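Everything quoted here is computed from the prediction, not taken from an experiment. Each residue takes its place number in the sequence, starting with 1.
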Amino acid sequence: MNKSITAICITLLITLICIGFTGCANNKQITEATNTTTEETKTNTIQVKKLTSAEQDLLTLAGVNTSPVFLDYSVDNTIKSIILYTQAYQNGKLVDISGLQVLSMNTDNAYTGTIALSSYPKDNSNTINWSCAIHRQSTGSASTSSTTWETQLPNTSEYMGMAMEQLQHTTDIVAGKPIVLTVFVYDQDGDIDFYGTNDNPEIISKYDYVYIQRCIFSAKNSDDVILPSLETTPQ
C-alpha cells in the first residue's frame, strides 16, 4: 500500500512540476511581449527543459531515483492537437501501444507547454512503472493530461542489460510527423550499445525488449486524428 501511495505522489509531483515549468516560461513571454527576442520566435520546436536545483531537490525528497524527462515545446495556431504514446517491441515485433494521450489545442492561439516522462522499477522487481504528462498553456487557457501504467519484463535475472536515450537537441515540429522522445532497451545478454533517438530499425530488431516513446503534433482536431494502434499508422 505504501508503495502504491508513493507512486501516486511521484506522479502528482511530476505533473505539478510540469505545470510550474510552463507557467513560468509563459509568464516570461508575456512580460517580454513588448520586446522581440529570439526565444519568442522559436515556434514549432521541442527541446529539453532542465530542472532547477529546487525542483530536483523535490524529486529527490519524494524518492525519485531516476530523473524524469522534461521537454518544452512551442507551437503556432496551425497545431490543433498533441498525441503521446509508447510503443513496445519484443524481439523486433510491435506487441503493444500504451500510455496513449491526446490533448486538444485552441485553434485561435499559439501555445507553449511541457511534456514530462518518467519510468522506474517497482519494488526492485521486473515490473516497470511508467508516467506521462502533457501540459499546454496560452493566454487565458491551460490544461493538463496525465496517465500511468505498468509493463512486465520476464521474471528472470538474466534480463539485466538496460539502456536509455532521450531527445537531446532542439527539434523542429512538423505537423503529423512522429518525434522520438525516449528509447529504452532491455537485453538478455546485457551487451547494449546504441546512441541517440533516431528511428533505427536495427535497434528494434537487435534487442529483446524496446520501448519507444513518441509524440505527434497534428494539424487535425483531436476528434479527427488517427490514433496509433497495432493496425494503423498515425497520420
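Annotation: side chain of I46 is in contact with side chain of I115 (closest heavy-atom distance under 4.5 Å). Side-chain contact check for L100 versus P228: some heavy-atom pair is nearer than 4.5 Å. At least one side-chain heavy atom of L103 sits under 4.5 Å from a side-chain heavy atom of R136. In this structure, the side chains of Y211 and W130 come closer than 4.5 Å at one or more pairs of heavy atoms. Taking the side chain as every heavy atom from C-beta outward, L181 and R214 never approach each other to under 4.5 Å.
Looking only at atom types and distance, the side chain of S118 has no donor-acceptor partner in the side chain of S131 under 3.5 Å away.
The backbone N or O of A110 sits less than 3.5 Å from a side-chain atom of S138, completing a donor-acceptor pair. A donor-acceptor distance shorter than 3.5 angstrom exists from the side chain of D187 to the backbone of D208, with no hydrogens or angles considered.
V95 and I204 fall into different hydrophobic clusters, defined by Ile, Leu, Val, Met, Phe, Trp and Tyr side-chain heavy atoms under 4.5 Å apart, directly or through other members.
For S145, the side chain to side chain donor-acceptor pair (under 3.5 Å) partners two or more places apart in sequence, or in a different chain, are Q101.
Taking both residues in full, the closest heavy atoms of P178 and I216 are given as CA-CG1, 3.8 Å, listed atom of the first, atom of the second, then distance.
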Show me the side-chain donor-acceptor pairs of residues 167-175 shorter than 3.5 Å, one per line, residues at least two apart or across chains.
unit_1: T170; atom_1: OG1; unit_2: Q47; atom_2: OE1; d: 3.0
unit_1: T171; atom_1: OG1; unit_2: H169; atom_2: O; d: 3.0

